[in-house]
Amino acid sequence: MKRHQASFGLCVGFVLILVLGIVPTMMAADPSPIVGNWEGTLDPGAQPKKRIVVHITAAQDGSLSGTIDYPDESASGAPITAITYKEPALHFESTSGQVSYDGTMNKENSEIAGTWKQGAAALSLTLKKTP
């Protein structure tokens, strides 16, 4: 009888270790709300409006990376050289074009309202999540 109890105890222990090891991994795999494609339009006033598309991805370790497209200029893939997201604040920089952006995600995780800085110019830019 004691032998069956010991075997049962070992099985329960093994299952607990397995479940506790898998659950954090599954939780870490949940994509951050910042991951995806974001689109907005800069309105510099006297100059033509300029569409911006930001692509943000996450590595398995949770680190973020991304690129910026400028569809109106037929330019794509400008690398984001630094990016941080600490809910709800997003910050990224791209050395190509001397760009930085600081924004705040809304509660629905569908828009980021912030400021796009390019050189000395600072413009309001709202990025909306696209499918």
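Residue numbers run from 1 in the order of the sequence given. Worth knowing before you read on, the calculation uses all heavy atoms, side chains too, and leaves out hydrogens, waters and symmetry mates.
The CD atom of Glu93 sits 8.0 Å away from atom CG of Asp102, with the distance rounded to the nearest 0.5 Å. In this structure, CZ in Arg51 is found 10.5 Å from CD in Glu73, a value given to the nearest 0.5 Å. One distance of note links NZ of Lys86 with CD1 of Ile34; it measures 14.5 Å at 0.5 Å rounding. Note that OG1 of Thr84 and CG of Leu90 are 7.0 Å apart. Values are rounded to the nearest 0.5 Å. With rounding to the nearest 0.5 angstrom, the NE2 atom of His55 is 10.5 Å from the OG1 atom of Thr57. Ser32 OG to Glu87 CD: the interatomic distance, rounded to the nearest 0.5 Å, is 7.0 Å.
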Q.
Does Ile68 form a side-chain contact (heavy atoms from CB on, under 4.5 Å) with Phe92? I'd like the steps, not just the answer.
A. CA-CA 11 Å; Ile68 304 169; Phe92 65 78; 3.8 Å; yes
Q. Are Lys128 and Glu39 close enough, and set up right, to give a side-chain contact (heavy atoms from CB on, under 4.5 Å), and what steps lead you there?
A. CA-CA 5 Å; Lys128 295 182 181 184; Glu39 188 170 342; 5.8 Å; no
Q) Under the side-chain contact (heavy atoms from CB on, under 4.5 Å) criterion, do Ile80 and Val54 qualify, and how do the steps go? A) CA-CA 9 Å; Ile80 293 175; Val54 179; 3.9 Å; yes
Q) Taking it one step at a time, do Asp72 and Lys50 satisfy salt bridge (charged side-chain N to carboxylate O under 4.0 Å, His left out)? A) CA-CA 6 Å; Asp72 299 325; Lys50 184 164 126 179; over 6 Å; no
Q. What do the steps show when you test Tyr101 against Thr115 for side-chain contact (heavy atoms from CB on, under 4.5 Å), and what is the final call?
A. CA-CA 6 Å; Tyr101 181 77; Thr115 303; 5.8 Å; no
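No side-chain donor-acceptor contact under 3.5 Å links Asn37 to the backbone of Thr130. At least one donor-acceptor pair under 3.5 Å links the side chain of Asp43 to the backbone N or O of Gly45. Between the side chain of Lys129 and the main chain of Pro33, a donor-acceptor pair closer than 3.5 Å is present.
Listed here is the closest heavy atom pair of Leu64 and Tyr85: CD1-CB, 3.7 Å. Listed here is the closest heavy atom pair of Leu127 and Gly40: CD2-N, 3.7 Å. The shortest heavy-atom contact between Ser94 and Thr81 is CA-OG1, 3.7 Å. Closest heavy-atom contact between Ser110 and Asn106: N-OD1, 2.8 Å.
Aromatic ring pairs are classed by plane angle as parallel below 30°, tilted from 30° to 60° and perpendicular above 60°; the pair Trp116 and Tyr70 is perpendicular.
When hydrophobic clusters are built by joining Ile, Leu, Val, Met, Phe, Trp and Tyr residues whose side-chain heavy atoms come closer than 4.5 Å, directly or via intermediates, Val53 is not grouped with Val99.
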